[in-house]
Amino acid sequence: MPFDKVLVANRGEIAVRIIRALREAGIRSVAVFSDADRASLHVRMADEAVHIGPAPSSESYLRIDKIVAAAKATRAEAIHPGYGFLSENADFAQACADAGVIFIGPPADAIRAVGSKTRARKLARDADVPVLPGSLAGISSFEEGRELAARIGYPVMLKASAGGGGKGMRRVDSEGELAAALRDASSEAGRAFGNSDVYIEKLIEKPRHIEIQILGDKHGKMLHLGERECSIQRRHQKVIEECPSPFVSQHPALRREMGCAAVDFARAAGYYNAGTVEFLVDSANSVYYFLEMNTRLQVEHPVTELVTGLDLVQYQLRIAAGEPLDLQQDDITWRGAAIECRLGAEDADNQFFPSPGLIRNVTAPGGPGIRLDSGVYPGWTVPMEYDPLLAKLVVWAPTRNEAISRMARALDETRIEGIKTNTAFLREIIGDAEFAAGALHTGFIPEFFERRKSSTLPSDTEFAQMVAALAESRKTRTAATPERAAAAGSNWLIEGRNRRLR
């Protein structure tokens, strides 16, 4: 048993996931909660709970002083940050160390080394990891940006040096768009991250987003656990993930190359514990480029666990306690296929608008190969202050096709009543022919919406036949009730015309 007591500095499904792992390891758990989370599931499950402030995360879950004080007050030996909030905050990791509390994650210096995307790009280049053509520092002027963009060729992408989640990102297709894009990206980055620096890199059309899970101990051993396909994204936020990637499975040498590149990068950063090195893959040419590193447990870690049979949180605990990894690279095998869908409190039919409120009932899917990492229960009110993620539905099956069928069945069984969720939208994606074929890229969802939109409209031939039938119908009915028939026909034509214009 590596620790006696661990504080979980997070909320929702990931806090529940970590508390369960602690209980299996015989470790007592401490939850923290804001005013909005007083009745949350993670609070009810933990052995102890500490109130840390009002609902806004800036006054609770992002308060380093309050969380460290809670750990000291409860005599917790370590803090697990989960993901989000303070999980990739080097100052938090350092504050834990200064207070004599073990941070279950990488050292503060490693977080700082890769926390800036431009610094991380330079580190990757120095470690001989492929990097997209572009700048290794923030753009200081329009002229510098113009010259660099002309040299690497349009289209290019502007990105925030300190950011993520799609903020501070702009696609630029020509020099005429560059000045406005630089201004807007810099302004958005400054508001979101307190750092307005943006850099330029070459844009790959329809890339795959593939990440490599790494695991390293404090004694210098580092290995990779294979890849996850994370290309199904909406506004740069992942929606569906799977392991292994259907593309990489067709190119096994690529898994070895990307795995070695991820390990080399992590070693160059002085990294240990669990982490993820992310790549953009040009599937047309089977080449990959470093994107960034996430210095934490990922939301999508369950798909790796199901395919490798390893519990990443348990390994995080052992590594943090100083235990050496009991694995060799050759011990890692990948069996079957796993898919994860993120279930969110959002209205997919209304621009994915958040849907907080009271959950009246929950029906969870069951059967072989089903895993539900959830933070909800009937009678709980989803707060409006936080990310809408409610649960992660994960399935495993011997093959990808079987996993798709199992996920479709599991989504059909899932019910979260009382609020709007994105379950039906996820079911549509899983049932899409392009998804089944593995034709995945980061622009998949916009193209899916276009396909869905066009499939609901009549073809030109069908529309002409409908109009001809209407005209014949009007001739028949006009003699009896001309005013009513004309009115009805007019409305029908208007609706038909509107459908074609939507």
Side-chain angles (χ1 to χ4, degrees), residues 10-20 31 33-34 36-46 55 57 82-84 232-235 237-242 299-303 306 338-396 403-432 435 445 448-449 452:
N10 218 295
R11 62 177 301 279
E13 63 84 18
I14 187 58
V16 171
R17 160 74 178 98
I18 296 166
I19 289 169
R20 284 175 170 152
F33 65 93
S34 69
D37 276 334
R38 192 174 296 273
S40 289
L41 185 59
H42 76 285
V43 177
R44 299 174 66 169
M45 288 183 62
S57 56
Y83 52 70
I232 306 299
Q233 303 178 5
R234 178 182 166 273
R235 296 181 179 176
Q237 296 290 329
K238 300 166 188 173
V239 176
I240 299 174
E241 304 95 351
E242 55 184 299
V299 178
E300 58 273 16
H301 76 276
V303 294
L306 291 180
I339 301 174
E340 174 181 296
C341 286
R342 302 189 185 193
L343 307 181
E346 51 191 9
D347 186 353
D349 294 325
N350 186 24
Q351 302 296 315
F352 292 87
F353 198 75
S355 179
L358 177 67
I359 294 177
R360 294 197 306 267
N361 190 39
V362 177
T363 302
I370 304 292
R371 169 174 168 175
L372 185 67
D373 283 17
S374 172
V376 306
Y377 62 89
W380 179 60
T381 298
V382 180
M384 63 182 297
E385 289 85 0
Y386 309 116
D387 185 275
L389 181 65
L390 299 173
K392 301 179 309 198
L393 178 57
V394 198
V395 305
W396 179 92
I404 290 173
S405 296
R406 183 163 287 172
M407 177 60 80
R409 190 262 298 170
L411 286 168
D412 287 341
E413 291 182 9
T414 302
R415 297 284 187 275
I416 302 176
E417 300 173 20
I419 60 172
K420 298 284 188 180
T421 73
N422 64 342
T423 306
F425 165 70
L426 294 169
R427 179 65 180 84
E428 284 190 75
I429 294 287
I430 291 295
D432 184 72
F435 181 86
I445 287 181
F448 166 79
F449 280 132
R452 186 172 70 170

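Just the heavy atoms: all of them, side chains too, but no hydrogens, waters or symmetry mates, feed the values below.
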TODO: Could you tell me whether the side chain of Thr414 reaches within less than 4.5 Å of the side chain of Thr421, counting heavy atoms only?
DONE: no
Open item on the list: Less than 4.0 angstrom from a charged side-chain N to a carboxylate O is my criterion; do Glu340 and Arg371 meet it?
Closed with: no
Task: Shortest non-hydrogen contact from Trp380 toward Ser40 - done: NE1-OG, 3.4 Å
Task: 4.5 Å side-chain heavy-atom contact, Phe353 and Lys420 - done: no
Open item on the list: Using every non-hydrogen atom in the two residues, find where Lys392 and Val299 come nearest and quote the distance to one decimal.
Closed with: NZ-O, 2.7 Å
Task: Test item: Ser374 side-chain N/O and Val376 main-chain N/O as donor-acceptor pair under 3.5 Å - done: yes
Task: Between CD on residue Glu241 and CD on residue Gln233, distance to nearest 0.5 Å - done: 9.0 Å
Open item on the list: A side-chain contact here means heavy atoms from C-beta on lying under 4.5 Å apart; do Arg11 and Ser57 qualify?
Closed with: no
Task: Residue pair Ile14 / Arg17, side-chain heavy-atom distance below 4.5 Å - done: yes
TODO: Hey, could you give me the CG/OG1 distance between Leu358 and Thr381, rounded to the nearest 0.5 Å?
DONE: 4.5 Å
Open item on the list: Assess whether a salt bridge exists between Glu300 and Arg342, defined as any Lys/Arg side-chain N lying under 4.0 Å from an Asp/Glu carboxylate O.
Closed with: yes
Task: Closest approach of Leu343 to Leu389 (non-hydrogen atoms, all atoms of both residues) - done: O-CD1, 3.6 Å
TODO: Please say whether the positively charged group of Arg234, taken as NZ for Lys or CZ for Arg, lies over the ring of Phe425, i.e. under 6.0 angstrom from the six-membered ring centre and within 45 degrees of the axis.
DONE: no
- [ ] State, with a plain yes or no, whether a side-chain heavy atom of Glu413 is found less than 4.5 Å away from one of Thr363.
- [x] no
Open item on the list: Is there a side-chain contact between Asn361 and Arg415 in this structure, where contact means two heavy atoms from C-beta onward sitting under 4.5 Å apart?
Closed with: no
TODO: Considering non-hydrogen atoms only, spot the tightest contact between Ala410 and Leu393 and give its length.
DONE: CB-CD2, 3.8 Å
Task: Closest approach of Phe352 to Glu346 (non-hydrogen atoms, all atoms of both residues) - done: O-CB, 3.7 Å
Task: Distance-minimising heavy-atom pair for Val382 and Ala345 - done: CG1-CB, 4.2 Å
Task: Gap between atom CD1 of Ile445 and atom CZ of Arg452 - 0.5 Å precision - done: 10.5 Å
Task: From Ile359 atom CD1 to Ile416 atom CD1, the distance as rounded to the nearest 0.5 Å - done: 6.0 Å
Task: Enclosure of Arg38 CZ (heavy-atom neighbours >12, cutoff 6.0 Å) - done: yes
Open item on the list: Using only atom types and a distance under 3.5 Å, with no angle test, would you say the side chain of Arg406 pairs donor to acceptor with the backbone of Ile370?
Closed with: no
Task: side chain to side chain contact (heavy atoms under 4.5 Å, CB included) between Ile430 and Ile404, intermediate numbers included - done: CA-CA 7 Å; Ile430 291 295; Ile404 290 173; 3.9 Å; yes
- [ ] Carefully, step by step, assess Tyr386 and Asp37 under the rule side chain to side chain contact (heavy atoms under 4.5 Å, CB included).
- [x] CA-CA 10 Å; Tyr386 309 116; Asp37 276 334; 3.7 Å; yes
Open item on the list: Could you tell me if the side chain of Phe435 sits less than 4.5 Å from the side chain of Glu242, heavy atoms only?
Closed with: yes
Open item on the list: Quick check: do Ile18 and Asn10 have side-chain heavy atoms less than 4.5 Å from each other?
Closed with: no
